[in-house]
Structures are given as C-alpha cells and as structure tokens.
A.B. asks: 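Starting off with a structure, shown below.
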2 protein chains.
Amino acid sequence: MSLRIALLGLLSGVGPASGYDLAKKFEHSLNHVWQAGHTQIYPELVKMAADGLVSAESEGPRGRKLYTITPAGAQELHTWLVEHPPVATVRNEVALQAFLLPLLGKDDAIAAVERIRDGYQARLAVLECLTEPGFGKYARALGLRQVRSGIEWADETLADLKRD
Amino acid sequence: MSLRIALLGLLSGVGPASGYDLAKKFEHSLNHVWQAGHTQIYPELVKMAADGLVSAESEGPRGRKLYTITPAGAQELHTWLVEHPPVATVRNEVALQAFLLPLLGKDDAIAAVERIRDGYQARLAVLECLTEPGFGKYARALGLRQVRSGIEWADETLADLKRD
DNA sequence: CGGTACATGTAAAAGGTTACATGATTTC
DNA sequence: GAAATCATGTAACCTTTTACATGTACCG
C-alpha cells in the first residue's frame with residue numbers, strides 16, 4: 001500500500017513521470033522516507049494502471065512511458081493522507097543493536113555505539129545537504145530531528161559505557 | 001537475518017525459551033524495536049535448529065519446546081553485533097506522510113499532523129511505562145529520544161502550518 | 001565507436017502478514 | 001464444564017531483494 005501512496009504522491013507533486021524518473025526520486029529525495037528499486041516500481045505502476053489510479057501515456061524516446069495520476073488516484077492518495085492511522089510498525093536494526101548492547105563486553109559495546117554514531121552522522125550530512133524546495137521539507141525536518149536525537153543517544157550511551 | 005539475531009539475542013539474554021515465550025517478548029519488550037508474530041517465529045526456529053544455531057530441547061507440558069542458543073549461535077550473534085554496518089534502510093509511514101504533507105490543504109494538513117502527534121504521544125506513554133531491568137534499557141532510551149523528537153517536530157510543524 | 005546514462009523488464013528467493021486449524025492445561 | 005491462556009503449526013498471499021536480461025540515445 002505505502003509504495004502505491006509514495007508513487008501517487010510523487011506523481012501528484014512533480015507531475016507526469018516515467019518509472020525511471022520515479023526510481024530516481026526514490027534514490028534521492030525520498031531515500032530517507034521510503035525505499036524502492038526499479039524492479040519493484042515498474043510492476044507496481046502496471047498494476048496501478050490496471051486499477052485506474054494512473055494512466056500510461058504514449059511511449060517516448062527509449063521506450064519511455066509517462067505515467068499520470070488519475071482523479072481516482074488522487075482520491076486514493078488524499079484518503080490515505082487524511083485517514084491512515086499512524087501505525088508504529090517499527091523494524092529498526094539500529095534499535096535492535098541498541099537493545100542487545102548489554103550482551104556485549106565494554107569495549108565491544110563502545111565500538112558498536114561508535115559505529116552507530118558514525119552512521120547517524122553520515123545521514124545527518126546527507127540531510128543537511130538536501131535543499132528541497134517546499135516538497136519534502138517537512139520530512140527533511142523530521143529526519144534531521146530524528147538523526148540528531150540518535151547522535152545525542154549515542155553520546156549519552158558512550159558516556160554511560162565509559163563510566164563503568 | 002535480523003529476525004534470527006533478535007531471536008538469538010533473546011535466547012542469549014533471558015536463557016532457554018519456547019517459541020511462545022519468544023513471541024511474547026516480541027509483543028512486549030521488543031515491540032518498539034522489531035516485530036514478529038508466532039507464524040514467523042516458529043518456522044524460523046526450526047530453520048535455526050537445522051543450521052545449528054539453537055538446539056531444540058525436550059517437549060514440555062503442552063507440546064512445549066524449549067530452545068537453547070548453541071555456541072555457534074552465540075558466535076553468529078556476537079559477529080553481527082560487532083560487525084553489522086549501520087544500514088539505514090528507512091521505511092517509515094509517518095515520514096512518508098510528512099513528506100507528502102504539502103499536497104494537503106491547510107486544514108487537512110493540520111489534522112494529519114495532529115494525528116501523527118497523537119501516535120507519538122501514545123508510543124511515548126508506552127515507553128515511559130516500560131521499566132526494563134538492564135536488558136533493553138539502551139533501546140528504551142533511544143526510543144524515548146526518537147519519539148520526543150517526533151513530538152517536537154509535530155509541534156513545530158503545527159505552528160508553521162497555522163502561521164500561514 | 002566506445003562509454004555512460006537512459007529506460008524497461010522478468011524470475012527466483014527471502015522476508016513478512018493474514019487466515020485457518022488444532023489441541024492441552026488451568027482457572028473459575 | 002466453560003472460558004482463558006498456553007502452545008504449536010500450515011497455507012496463501014503480499015512485499016521486498018537480488019540476479020539476470022535487453023536495448024536505445026547521447027556525448028566525446
């Protein structure tokens with residue numbers, strides 16, 4: 001479901017696009033929010049067209065197919081955005097590592113948290129460089145807050161681990 | 001892979017347990033970190049036993065099977081904890097909603113953010129009640145920080161939306 | 001004319017969800 | 001003896017990843 005919503009959202013926000021374009025968007029602007037490769041996107045667009053949520057326009061230069069969101073697609077997107085309950089289906093590898101940290105000895109634990117911190121730092125750098133005009137700015141703000149709180153957690157945890 | 005690690009971690013942390021026990025752990029202590037139902041856990045334990053990572057002990061009261069982590073399982077767990085790179089495979093419905101917020105009108109957007117805020121608030125309440133002795137405390141601290149930063153984002157975003 | 005970026009797809013496997021199915025023990 | 005909880009499983013389906021496969025247009 002969420003993949004459909006992401007695709008409908010992109011089509012609604014940036015206008016008609018090809019599967020290739022949409023895959024690029026996932027790689028760049030959407031990568032801190034949702035992920036999908038072209039092998040997932042192409043078949044999904046075909047299904048969405050069959051369901052009347054998008055229409056496949058004419059073929060361009062290299063067999064390029066332009067997809068446009070339909071009124072039914074816009075309706076589906078709007079309904080989801082307004083009604084979808086905030087399900088907290090968390091599946092977070094970093095949190096799992098944090099959970100299992102007490103199983104490690106002091107030195108291993110410190111090394112593990114330092115690697116987690118480096119990961120957050122790298123994501124912070126990416127988010128800071130991201131200058132999206134309007135579209136996506138709220139997600140960027142949320143991402144920045146989450147990543148910064150991750151770094152704070154790492155620092156707190158490192159201090160805690162080094163104290164003993 | 002991560003499901004295996006979570007199961008090995010639980011077996012390592014709390015000692016021998018049945019699939020049923022492990023499913024309960026996922027429901028309670030592990031639910032803000034990783035999720036899995038019994039239909040995923042039971043077959044995985046069988047595979048892990050086949051791979052020599054756990055050993056299935058005798059059958060108890062109601063066909064209950066006790067699984068114990070083996071040295072090979074402990075090795076696999078340790079290696080993952082120490083070496084697994086912090087992959088940031090984000091797939092976050094709330095962030096997706098945040099991303100697509102500019103597609104909504106002012107009133108719809110405000111309502112959407114308020115629902116997101118309520119969701120974070122509910123998770124905060126759950127995390128605050130969680131009093132885990134040692135095991136899981138770092139994950140709880142991380143979760144608290146992430147949820148609190150989510151609430152801060154919601155407040156900031158609501159102020160921004162209401163300003164216009 | 002060779003390399004890069006554009007552009008699309010399929011198939012197999014792995015991971016995860018939902019629905020169905022069964023039976024034993026305990027508690028009231 | 002009825003209900004709740006314990007305890008395990010299978011099957012169908014959906015989602016996601018990885019590997020394979022193909023061909024076109026543009027740029028130097």
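Order of the sequence lines sets the chain letters (A, B, ...), proteins ahead of strands, with each chain counted from 1. Treat the numbers as computed from the prediction; the structure is a model and nothing was measured.
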A.B. asks: Any donor-acceptor pair under 3.5 Å linking the side chain of B:Arg91 with the backbone of A:Val33?
C.D. replies: no

A.B. asks: Heavy atom of residues 5-15 of chain B under 4.0 Å from DNA chain C: which residues?
C.D. replies: none

A.B. asks: Under the rule for side chain to side chain donor-acceptor pair (under 3.5 Å), what residues qualify as partners of B:Asp21, not counting sequence neighbours?
C.D. replies: B:Ser18, B:Arg64

A.B. asks: Salt bridge check, B:Arg148 against B:Glu128: does any charged N sit closer than 4.0 Å to a carboxylate O?
C.D. replies: yes

A.B. asks: Strictly below 4.0 Å, N to O, side chains only: are A:Glu44 and A:Arg4 in salt-bridge contact?
C.D. replies: yes

A.B. asks: Would you tell me if any nitrogen or oxygen in the side chain of A:Arg91 comes within less than 4.0 Å of OP1 or OP2 on C:dT17?
C.D. replies: yes

A.B. asks: A:Arg140 side chain to A:Leu130 main-chain N or O, any donor-acceptor pair under 3.5 Å?
C.D. replies: yes

A.B. asks: Backbone N or O of A:Lys24 within a donor-acceptor pair of the A:His28 side chain at under 3.5 Å?
C.D. replies: yes

A.B. asks: Do any side-chain nitrogens or oxygens of B:Tyr20 fall under 4.0 Å of OP1 or OP2 in D:dT8?
C.D. replies: no

A.B. asks: Mind calculating the distance between CG (A:Asp21) and P (C:dA5) to the nearest angstrom?
C.D. replies: 16 Å

A.B. asks: What is the nucleic acid contact for A:Gly19, judged by heavy atoms within less than 4.0 Å: base, sugar-phosphate only, or nothing?
C.D. replies: sugar-phosphate

A.B. asks: Using a 4.0 Å cut-off on protein heavy atoms (strictly under), produce a 5'-to-3' string for nucleotides 19-28 of chain D with B for base contact, S for backbone-only sugar-phosphate contact, and - for none.
C.D. replies: B----BS---

A.B. asks: Nearest-Å distance, CZ (B:Arg4) to C1' (C:dG16)?
C.D. replies: 15 Å

A.B. asks: Tell me which donor-acceptor pairs under 3.5 Å the side chains of residues 92-104 of chain A have, and how far apart each pair is, sequence neighbours excluded?
C.D. replies:
{"residue": "A:Asn92", "atom": "OD1", "partner": "A:Val94", "partner atom": "N", "Å": "3.0"}
{"residue": "A:Asn92", "atom": "OD1", "partner": "A:Ala95", "partner atom": "N", "Å": "3.2"}
{"residue": "A:Glu93", "atom": "OE1", "partner": "B:His84", "partner atom": "NE2", "Å": "2.4"}
{"residue": "A:Glu93", "atom": "OE2", "partner": "B:Ser2", "partner atom": "OG", "Å": "2.9"}
{"residue": "A:Gln97", "atom": "NE2", "partner": "B:Leu81", "partner atom": "O", "Å": "3.3"}

A.B. asks: Applying side chain to side chain donor-acceptor pair (under 3.5 Å), can you list everything that pairs with A:Glu152, at least two apart in sequence or on another chain?
C.D. replies: B:Arg145

A.B. asks: Using atom CD of B:Glu57 as one end and atom P of D:dA7 as the other, report the distance to the nearest whole Å.
C.D. replies: 16 Å

A.B. asks: Return the residues of residues 40-49 of chain B meeting this criterion: a heavy atom under 4.0 Å from some atom of DNA chain C. Order them by number, or give none.
C.D. replies: B:Gln40

A.B. asks: State, yes or no, whether a side-chain contact exists between A:Leu53 and A:Leu77 at a heavy-atom distance under 4.5 Å.
C.D. replies: no

A.B. asks: In whole angstrom, give the distance that lies between atom CD of A:Glu93 and atom C1' of C:dG16.
C.D. replies: 15 Å

A.B. asks: Rounded to the nearest Å, what distance is computed from the CE atom of residue B:Met1 to the P atom of nucleotide C:dG16?
C.D. replies: 11 Å

A.B. asks: How long is the line joining CD of B:Gln35 and P of C:dG15, in whole Å?
C.D. replies: 17 Å

A.B. asks: Need to verify one output field. Residue with the more 5' nearest nucleotide on DNA chain D, B:Lys24 or B:Thr89?
C.D. replies: B:Lys24

A.B. asks: Using whole Å, what does the distance between atom P of nucleotide C:dG15 and atom CG of A:Asn92 come to?
C.D. replies: 18 Å

A.B. asks: Hey, does A:Val46 have a side-chain heavy atom less than 4.5 Å from the side chain of A:Tyr67?
C.D. replies: yes

A.B. asks: Between A:Asp118 and A:Arg115, does at least one N-O distance fall below 4.0 Å, as a salt bridge requires?
C.D. replies: no

